[in-house]
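What follows is a single structure, written as structure tokens, with notes after it.
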There are 2 protein chains.
Amino acid sequence: MAGQRTLSGPCTAWPEDSAFIREVLDRIGDKWTVLVISTLGSGPLRYSDLQASVPGISQRMLTVTLKELERDGLATRTAYAEVPPRVVYELTDLGRSLQEAVLALAGWAASNHAAVAAHRKQHEATGVGRAATGAR
Amino acid sequence: MAGQRTLSGPCTAWPEDSAFIREVLDRIGDKWTVLVISTLGSGPLRYSDLQASVPGISQRMLTVTLKELERDGLATRTAYAEVPPRVVYELTDLGRSLQEAVLALAGWAASNHAAVAAHRKQHEATGVGRAATGAR
DNA sequence: CAGAATCCCCACGGATACTG
DNA sequence: CAGTATCCGTGGGGATTCTG
């Protein structure tokens with residue numbers, strides 16, 4: 001009962017947090033969270049400005065994403081009781097720290113984009129095979 | 001023509017690589033890539049061991065994931081012409097570098113899991129409201 | 001053993017319309 | 001302006017079956 005620990009899984013690296021880590025990966029993997037976070041990284045923005053600054057995002061997705069960020073303590077929502085209403089979103093320190101972490105990954109992507117592209121090209125030329133000769 | 005640059009998008013941060021960055025985020029956001037990479041991080045493994053080491057993964061997903069990794073130059077596939085067949089997968093340097101980058105993110109997750117959980121709990125207690133009084 | 005092929009479900013997310 | 005509610009298409013990915 002003491003020794004084993006099931007071994008060899010990636011789970012051994014992060015025993016109990018693994019579920020939460022997956023959750024984070026899912027979130028940063030979704031289509032908008034990272035975009036919204038990095039947009040808010042430049043400073044507080046109101047809903048409409050946010051929508052304008054993240055080209056292609058729908059109201060639905062912007063709202064959903066913002067709610068998740070707020071819920072997780074990554075961003076704050078401040079509503080001013082005026083008319084017309086004004087709501088401002090801003091990254092928290094926690095949000096900024098996540099942004100930095102993601103930026104590191106983005107850094108990897110930028111640095112290794114060329115290498116990956118090269119491998120893809122080579123792989124295409126090498127193995128994909130079947131496409132050759134048998135045009136049909 | 002000089003000044004504008006469309007401004008305010010997250011795109012301004014990573015001008016042309018943005019598409020590729022999304023691609024990387026999508027990949028690390030998918031359900032298995034990170035698990036497989038981190039499992040291979042411990043050393044070369046054959047197909048069946050890999051499947052055993054990543055609990056819950058299906059043949060289909062393991063195969064698909066490995067093909068992507070190979071295609072992108074993140075892992076290598078070595079087949080031994082024996083019977084029964086033996087195929088060994090191993091991370092490349094590129095793959096290891098990605099693993100490190102992802103590990104940084106996992107580190108963030110592990111470090112801030114508690115903070116996020118706390119925010120969620122508080123958020124639940126605070127705003128969710130509606131559940132109270134008006135049971136129906 | 002390693003994988004390819006097929007079927008199928010359902011959650012992610014886009015478009016649209018309505019509201020405080 | 002800042003959302004909410006609804007409908008619906010797409011594809012990620014699980015289960016199963018078959019092959020070299």
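Within every chain, numbering begins at 1; the chains are lettered A, B, ... in the order of the sequence lines, protein sequences first and strands thereafter.
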(message) Heavy-atom nearest nucleotide on DNA chain C for A/Gly29 versus B/Tyr89: which residue maps closer to 5'?
(response) B/Tyr89
(message) Any heavy-atom pair between the side chains of A/Ile57 and A/Val36 that's under 4.5 Å?
(response) yes
(request) Any chance you could list the contact pattern along nucleotides 15-20 of chain C? Use B for base contacts, S for sugar-phosphate-only contacts and - for none, protein heavy atoms under 4.0 Å, 5' to 3'. (result) BB---B
(message) Could you tell me if the side chain of B/Asn112 sits less than 4.5 Å from the side chain of A/Leu98, heavy atoms only?
(response) no
(request) Using whole Å, report how far CG of A/Leu45 lies from C1' of D/dC1. (result) 15 Å
(message) Do the side chains of A/Arg46 and A/Glu82 get close enough for a salt bridge, i.e. N-O under 4.0 angstrom?
(response) no
(request) Starting from the first five and the last five pairs of the helix from C/dC1-D/dG20 to C/dG20-D/dC1, work out the angle between the resulting helix axes, to 10 degrees. (result) 40°
(message) Rounded to whole Å, how long is the line connecting atom CD1 of B/Ile57 with atom C1' of D/dT16?
(response) 17 Å
(message) So, applying side-chain contact (heavy atoms from CB on, under 4.5 Å) with B/Val54, which one of B/Leu45, B/Leu62, B/Thr39, B/Thr65 is it?
(response) B/Thr39
(request) Residues of residues 61-84 of chain B with any non-hydrogen atom less than 4.0 angstrom from an atom of DNA chain D: list those, numerically ordered, please. (result) B/Met61
(request) Look up atom NE2 in B/His123 and atom NZ in A/Lys67, then write down how far apart they are to the nearest 0.5 Å. (result) 8.5 Å
(request) Quickly, which of B/Leu94, B/Val34, B/Leu91, B/Leu40 forms a side-chain contact (heavy atoms from CB on, under 4.5 Å) with B/Gln99? Name it, please. (result) B/Leu91
(request) For the pair B/Tyr47 and B/Tyr89, name the ring-plane relationship: parallel under 30°, tilted 30 to 60°, perpendicular over 60°. (result) tilted
(message) With side-chain contact (heavy atoms from CB on, under 4.5 Å) as the criterion, how do B/Arg27 and B/Asp72 come out once you've worked through the C-alpha distance, each side chain's angles and the decisive distance to 0.1 Å?
(response) CA-CA 11 Å; B/Arg27 184 128 304 149; B/Asp72 289 354; 3.0 Å; yes
(request) Check the distance between D/dC1's P and A/Leu50's CG and give it to me in whole angstrom. (result) 14 Å
(request) Please report, rounded to the nearest Å, how far the C1' atom of C/dA11 is from the NZ atom of B/Lys31. (result) 11 Å
(request) Ignoring backbone atoms, test whether B/Tyr47 places a side-chain nitrogen or oxygen under 4.0 Å from the OP1 or OP2 oxygen of C/dA4. (result) no
(message) Walk me through whether A/Leu105 and B/Val102 qualify under side-chain contact (heavy atoms from CB on, under 4.5 Å).
(response) CA-CA 7 Å; A/Leu105 203 67; B/Val102 170; 4.1 Å; yes
(message) Could you tell me how far apart B/Trp32 (CH2) and D/dG14 (C1') are, to the nearest whole angstrom?
(response) 10 Å
